[in-house]
Amino acid sequence: MFTTGLLVLTAPLNQLSHRIAPILHYAAGKVDKILYVHLQPNYTSETESNFLRMTPTTDLCAAVTRLHTGAANLCSRLDVRILLGNVGKPAEPMVYPRTLQNKVEFILTDCVNQNNDNFKTFLEGNYVLKPFPKMEFLKESDWKTSSNDNLSGMDWSLPKSEELQTYGHIVLGGTFDHVHAGHKILLSESIMRSERKITIGVTSGPMLESKTLCELIQPVETRIADVRNYIQDVKPHILFDDSVVPITDPFGPSIVVPDMGGIVVSEETRKGGDAVNKRRKEKGLSQLDVHVIDIIEDTCHASHEETKISSSSQRIRLLGTLLRPPRQDHQSTSPYVIGLTGGIASGKTSVCKRLEKLGAAIINCDKLGHKAYEPGMKAYEQVVTEFGQDVVGDDGLINRKALGAKVFADKSRLEVLNQIVWPEIARMAKEQIQQLTSKGHDVCILDAAVLLEAGWQDFVNEIWVCVIPKDEALRRITDRDSIPEEKARQRIEAQISNQARVDQANVVLSTLWEPEVTQKQVESAWELLQERLSETSPPRPKQPKI
């Protein structure tokens, strides 16, 4: 298996419908990370040329869209990049041969008349390939005898070939989170329409807050770097230092740069293109031609995911998976300790119950917190000494309401209380872990709402976080506790943010959807955990320190 491959397709564009499914399927069996695609319709290895320019046309644009859609449904694990450095009008400057961002290790082609020397010369005229990779010529039987049901329902018909309207400077925008086929189609059409420069606004800041699982959106710096890397591969001469920029409003540079000629939008953001032109008119700038691309159906979407190929669905599919490696110094712990945390009303309790049914032992830190206040406990004496005898009720127990009145209006006093109680909870939790060890438990869940605030991340092997949107948390709290929305909001704001939790999470879960969806998430997370544990056993591990 090769990490990076180059697929060179030379068949006429109208023949791709018969070839692309089996060819992509075959390529996915050879390459496991990045698959570059070079389109050179009607080329044969008898052609004596080291670079062939292609005029951007409507059928070429449609073929690129079909290829990206097919790749998304057939080999979604591959990062497929259709190279367009050979596509441009005669006056458009082009640089070749050029160096790709990733070293090509394998070349696959459907080229006929296998004159290896001519074909090698042609490839080396387009790309720097040193040393020259292993090369394989596909046989006609490879695509005539194969089919794939994932693509059988796709419309592969191409429009009449007409020259594509191009512009010196094109603009577009988007979130570009976990760059997927939909983004690549948007970028590819924009790239083909751009002769000199492309400008891309990458949404950030408050524009992300309403997105599904916004806490899992990649940092804007990462998203900008990914888009730049993609364009650098696909058509580098239109990329400048200021080509990809963060934006915090729907317009960004599109309403201030005079020389832009066109804007590319999706059907969902068509109104955004019209709004851009309205603002440009107000500023005395020329109107942009608005080009709209179709939304691409996701044939593999689940019932709670979007029907289109989207970043939201990509983030949903991250739930239950390992986002970052476990702490290396704790991998051999027995039992393996999962710190489960989340905000108020996030569904942490229901997740705990599901994990318990799957075989995990549960340590409930909320119950340990109540026990810490009991007479005879170290924390009991310290609380009475620090906050006064008046926090003790007639029954000899600490009156939580009286204590709360002293600390919740004064953060410094609350911090003093936490520093008394949290170490005692940690001590009792450690004792329970030791008891579970002696009973042979392999996994225990430390159910702790204040896991991160208390500094217990050093107490566990992995951090699992439950998240729900703030408006859903508000709804649940007001329904459950029958309190005004403002009071529920205050409870949420008093906690650390979902983002702060997710930033330290190894695994993220969400109870936002139906119980069956939560169950599948938890089962998936548990299965992946068992796989990780099997990789580290034996030997039997050491106990983590608190």
Side-chain angles (χ1 to χ4, degrees), residues 337-353 355-356 360-439 441 444-460 466 473 476-484 486-496 546:
V337 183
I338 303 293
L340 179 65
T341 190
I344 185 171
S346 62
K348 189 165 52 66
T349 300
S350 71
V351 169
C352 257
K353 289 178 180 177
L355 287 168
E356 188 172 27
I362 308 297
I363 297 174
N364 188 318
C365 288
D366 189 50
K367 291 182 179 179
L368 294 182
H370 283 81
K371 187 174 182 180
Y373 287 107
E374 293 179 359
M377 302 297 288
K378 182 179 179 181
Y380 177 93
E381 304 298 334
Q382 291 178 321
V383 167
V384 173
T385 300
E386 180 66 35
F387 294 96
Q389 191 64 37
D390 58 328
V391 301
V392 179
D394 295 338
D395 56 2
L397 302 177
I398 288 178
N399 186 321
R400 301 284 288 272
K401 284 190 176 181
L403 180 59
K406 292 192 174 191
V407 300
F408 289 126
D410 185 342
K411 287 188 177 181
S412 64
R413 297 299 285 162
L414 178 60
E415 180 64 23
V416 170
L417 177 63
N418 289 338
Q419 293 309 312
I420 292 172
V421 177
W422 285 348
E424 185 69 2
I425 295 174
R427 182 191 64 78
M428 290 188 286
K430 183 178 180 180
E431 287 181 354
Q432 288 201 13
I433 290 174
Q434 291 172 336
Q435 293 169 8
L436 292 171
T437 301
S438 65
K439 294 178 181 178
H441 286 278
C444 77
I445 308 298
L446 189 70
D447 177 4
V450 295
L451 181 81
L452 302 177
E453 298 94 321
W456 295 341
Q457 54 266 48
D458 293 333
F459 189 109
V460 301
C466 292
R476 291 183 184 184
I477 297 168
T478 53
D479 288 351
R480 182 189 68 188
D481 300 341
S482 300
I483 61 174
E486 185 55 36
K487 191 168 184 179
R489 191 181 303 277
Q490 289 173 358
R491 290 187 184 181
I492 294 171
E493 298 297 338
Q495 301 180 323
I496 65 172
I546 298 178

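Residues take their numbers from the sequence shown, with the count starting at 1.
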Work out which heavy atom in [X] is nearest to a heavy atom in [Y]; give both atom names and the distance.
X: Trp456; Y: Ala426; result: NE1-CB, 3.8 Å
X: Ala429; Y: Leu446; result: CB-CD1, 3.9 Å
X: Ala473; Y: Ile492; result: CB-CD1, 3.8 Å
X: Asn364; Y: Asp366; result: OD1-N, 2.9 Å
X: Ala361; Y: His441; result: CB-ND1, 3.8 Å
X: Ala448; Y: Thr341; result: O-OG1, 2.9 Å

Apply side chain to side chain contact (heavy atoms under 4.5 Å, CB included) to the pair Ile398 and Phe387, showing each step before the final yes or no. CA-CA 11 Å; Ile398 288 178; Phe387 294 96; over 6 Å; no
Assess, by modelled atom type and distance only, whether the side chains of Gln435 and Glu431 contain a donor and an acceptor separated by less than 3.5 Å. no
What distance separates [X] [atom1] from [Y] [atom2], expressed to the nearest 0.5 Å?
X: Gln432; Y: Arg427; atom1: CD; atom2: CZ; value: 10.5 Å
X: Glu356; Y: Ile445; atom1: CD; atom2: CD1; value: 10.0 Å
X: Gln490; Y: Ile477; atom1: CD; atom2: CD1; value: 11.5 Å
X: Leu355; Y: Lys348; atom1: CG; atom2: NZ; value: 12.0 Å
X: Asp479; Y: Arg476; atom1: CG; atom2: CZ; value: 10.5 Å
X: Gln495; Y: Glu493; atom1: CD; atom2: CD; value: 9.5 Å

Distance-only donor-acceptor pairs under 3.5 Å for side chains of residues 372-384, two or more places apart:
from	atom 1	to	atom 2	distance (Å)
Tyr380	OH	Gly396	O	2.7

Would you check if [X] and [Y] make a side-chain contact, meaning some heavy-atom pair closer than 4.5 Å?
X: Lys371; Y: Glu424; result: no
X: Leu436; Y: Ile363; result: yes
X: Asn418; Y: Glu453; result: no
X: Cys365; Y: Asp447; result: no
X: Ile425; Y: Val450; result: no

Would you check, one step at a time, whether the test salt bridge (Lys or Arg N to Asp or Glu O under 4.0 Å) holds for Asp481 with Arg491? CA-CA 12 Å; Asp481 300 341; Arg491 290 187 184 181; 2.8 Å; yes
